[in-house]
S.K.: 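I'd like to ask you about the structure that follows.
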Amino acid sequence: MCGRTACTLDPEEVSRASRYRNRHGQRRQPRWRDGDADKYRPSYNKSPQSFSPVLLSQRHFDKDASVDECVVAAMRWGLIPSWFREDDPRKMQYSTNNCRSESLLDKKSYKDPFLKGQRCVILADGFYEWRRQGKEKQPFFIYFPQSQPDSGLGEEEQRDESDVEFPPEEKASNIEEESETDKWTGWRLLTIAGLFDCWKPPGGEEPIYTYTVITVDASPNLQNIHDRMPAVLDGEADVRRWLDFGEVKSSDALKLLQPKNILTFHPVSSLVNNSRNNSPECLQPVDPQAKKEPKPTASSKMMMSWLKDSSSSKRKEPSICDATTREQQPKAKEDLKSSGTLENWLKSASKKARID
């Protein structure tokens with residue numbers, strides 16, 4: 001399962017980190033859907049019902065757009081089926097935060113959007129999972145290895161272009177090279193396969209776009225934490241194929257939903273257990289035995305290095321509680337005014353661990 005994520009980049013950084021190649025091998029930076037950048041709030045501790053950045057085909061909003069043209073939208077976590085007839089989503093009798101890949105075609109809530117091509121990619125720094133230890137649960141932060149700079153969607157520069165699948169008529173010579181100034185060298189965002197739907201409240205209010213995270217059996221290296229994991233899409237080829245519902249049939253898209261033994265992780269504080277806690281300490285590696293910060297492991301050194309070296313100053317400030325609408329957002333406390341940047345994570349070690 002997946003019940004908590006983190007996404008701390010500001011809207012502009014999310015867009016830059018989500019650069020992709022279209023069918024012709026051309027690099028594109030997706031823009032935000034009109035008004036959606038204001039709905040999204042960076043957070044170290046996102047829970048269901050909050051808004052997350054989601055990558056999807058522009059065709060879903062503009063019938064004249066190319067299917068392989070992507071856009072970033074802010075969608076609410078927890079799918080509300082388009083056919084839901086109640087006046088309040090909270091009246092749903094079952095959870096749609098996660099969708100098991102094995103039963104995706106067995107349930108109308110997921111089958112309908114899937115067969116309509118309503119596939120999306122949830123963007124996140126990583127996700128949290130809990131390992132049961134007796135009567136207690138130890139939380140872990142799980143993410144893509146940050147071994148080297150990235151140019152968008154986790155595609156390593158060393159990867160041969162032949163690994164990225166383009167139509168036969170598109171030759172390698174047509175593939176655009178990305179300039180050094182355009183490359184994204186920050187945090188490599190986790191790309192998770194999901195489904196979305198659009199629900200129109202019976203009262204005529206603005207339609208609400210929502211999504212569900214598709215899950216698969218846990219990969220071998222994560223099985224000792226939990227038996228399930230999100231369906232991770234590794235690299236530009238997987239992301240493009242999952243989103244391109246015009247070229248990739250549903251039956252072929254299903255084949256992309258496989259456990260990927262590629263993620264790394266580290267234990268974090270139980271501070272993350274409370275979804276109202278939203279501070280850099282939620283991500284900080286801890287020693288479960290000593291209950292204090294341990295020596296950095298190989299998996300966490302890259303994270304800490306990026307936090308130190310990042311020069312961004314444009315991140316939006318994360319709220320204390322990542323609510324579903326701006327109106328519900330409480331004002332952040334004074335001591336959080338500079339904690340919107342991941343690079344301040346290490347500087348915050350001396351601050352109090354819990355935010356009330």
Side-chain angles (χ1 to χ4, degrees), residues 7 9-34 36-37 40 52-62 64-74 117 119-125 143-194 232-248 253 256 260 262 306 309-312 314-315:
C7 192
L9 302 184
D10 71 20
E12 180 183 351
E13 291 173 318
V14 169
S15 178
R16 290 183 58 212
S18 304
R19 288 175 64 84
Y20 65 95
R21 292 189 191 274
N22 61 17
R23 291 177 181 175
H24 307 293
Q26 298 169 321
R27 280 282 186 188
R28 291 290 183 266
Q29 180 172 318
R31 65 174 180 81
W32 278 85
R33 180 171 175 260
D34 292 345
D36 277 18
Y40 160 67
S52 297
V54 172
L55 189 69
L56 70 162
S57 170
Q58 173 67 20
R59 176 71 68 85
H60 295 296
F61 305 111
D62 179 3
D64 296 326
S66 174
V67 177
D68 65 336
E69 179 183 347
C70 292
V71 64
V72 179
R119 310 194 295 252
C120 65
V121 173
I122 299 97
L123 304 171
D125 294 358
Y143 49 99
F144 271 141
Q146 306 293 311
S147 57
Q148 48 195 315
D150 190 73
S151 60
L153 292 180
E155 194 71 9
E156 295 179 359
E157 291 302 311
Q158 289 84 348
R159 182 171 296 183
D160 194 303
E161 292 293 355
S162 62
D163 290 343
V164 184
E165 300 178 18
F166 301 113
E169 65 272 17
E170 299 301 332
K171 304 300 182 180
S173 59
N174 293 334
I175 296 177
E176 292 184 353
E177 292 299 328
E178 192 170 31
S179 67
E180 291 297 325
T181 56
D182 289 336
K183 289 181 180 178
W184 172 249
T185 57
W187 190 258
R188 179 185 177 186
L189 289 178
L190 196 61
T191 44
I192 302 171
V232 174
L233 300 168
D234 182 26
E236 292 178 348
D238 281 3
V239 169
R240 190 185 72 81
R241 288 180 60 77
W242 178 253
L243 295 181
D244 196 342
F245 63 93
E247 181 183 78
V248 182
L256 297 171
K260 302 288 178 64
I262 54 176
W306 186 76
D309 297 339
S310 175
S311 59
S312 169
K314 299 181 180 179
R315 299 182 197 276

S.K.: Which heavy atom of H60 sits nearest to which heavy atom of R119, and what is that distance?
M.R.: NE2-O, 4.3 Å
S.K.: Suppose we screen for side chain to side chain contact (heavy atoms under 4.5 Å, CB included). Which residues come up paired with T191, at least two apart in sequence or across chains?
M.R.: V121, L123, F144, L153, L233, V239
S.K.: Indicate the atoms forming the closest heavy-atom contact of V14 with P53, along with that distance.
M.R.: CG1-CB, 3.9 Å
S.K.: Taking only residues two or more places apart in sequence, or in another chain, which ones meet S15 in a side chain to side chain donor-acceptor pair (under 3.5 Å)?
M.R.: Q29
S.K.: Can you give me the closest heavy-atom contact between A17 and L189, atom names plus distance?
M.R.: CB-CD1, 3.7 Å
S.K.: With respect to S57, which candidate in V67, V71, D244, D68 satisfies the side-chain contact (heavy atoms from CB on, under 4.5 Å) definition?
M.R.: V67
S.K.: Output the distance between atom CG (L243) and atom CG (N22), rounded to the nearest 0.5 Å.
M.R.: 12.5 Å
S.K.: Taking all heavy atoms of F61 and all of A73, pick out the closest pair and write down the distance.
M.R.: CZ-CB, 4.3 Å
S.K.: Please work out whether the ring planes of W187 and Y143 are parallel, tilted or perpendicular, with thresholds of 30° and 60°.
M.R.: tilted
S.K.: Determine, step by step, whether R19 and K183 satisfy the side-chain contact (heavy atoms from CB on, under 4.5 Å) criterion, reporting the C-alpha distance in whole Å, the side-chain angles of both residues, the deciding distance to 0.1 Å, and the verdict.
M.R.: CA-CA 9 Å; R19 288 175 64 84; K183 289 181 180 178; over 6 Å; no
S.K.: Would you name the heavy atoms of W242 and A253 that are closest together and state the gap between them?
M.R.: CZ3-O, 3.5 Å
S.K.: To the nearest 0.5 Å, how far apart are CG in L55 and SG in C120?
M.R.: 9.0 Å
S.K.: Mind checking what makes side chain to side chain contact (heavy atoms under 4.5 Å, CB included) contact with A124, not counting sequence neighbours?
M.R.: T5
S.K.: Go through it in stages, so that I can follow the logic: the residues are R28 and Y20, the test is side-chain contact (heavy atoms from CB on, under 4.5 Å), and I'd like the CA-CA distance, side-chain angles, deciding distance and then a yes or no.
M.R.: CA-CA 5 Å; R28 291 290 183 266; Y20 65 95; 3.4 Å; yes
S.K.: Which pair of heavy atoms, one from R188 and one from Q146, lies closest together, and at what distance?
M.R.: N-OE1, 2.8 Å
S.K.: Check step by step if side-chain contact (heavy atoms from CB on, under 4.5 Å) holds for E69 and D62.
M.R.: CA-CA 10 Å; E69 179 183 347; D62 179 3; over 6 Å; no
S.K.: If the condition is salt bridge (Lys or Arg N to Asp or Glu O under 4.0 Å), which residues does R33 pass it with, not counting sequence neighbours?
M.R.: D36
S.K.: According to salt bridge (Lys or Arg N to Asp or Glu O under 4.0 Å), who are the partners of D34, at least two apart in sequence or on a separate chain?
M.R.: R31
S.K.: Is the backbone N or O of A65 less than 3.5 Å from a side-chain atom of R59, with the two atoms forming a donor-acceptor pair by type?
M.R.: yes
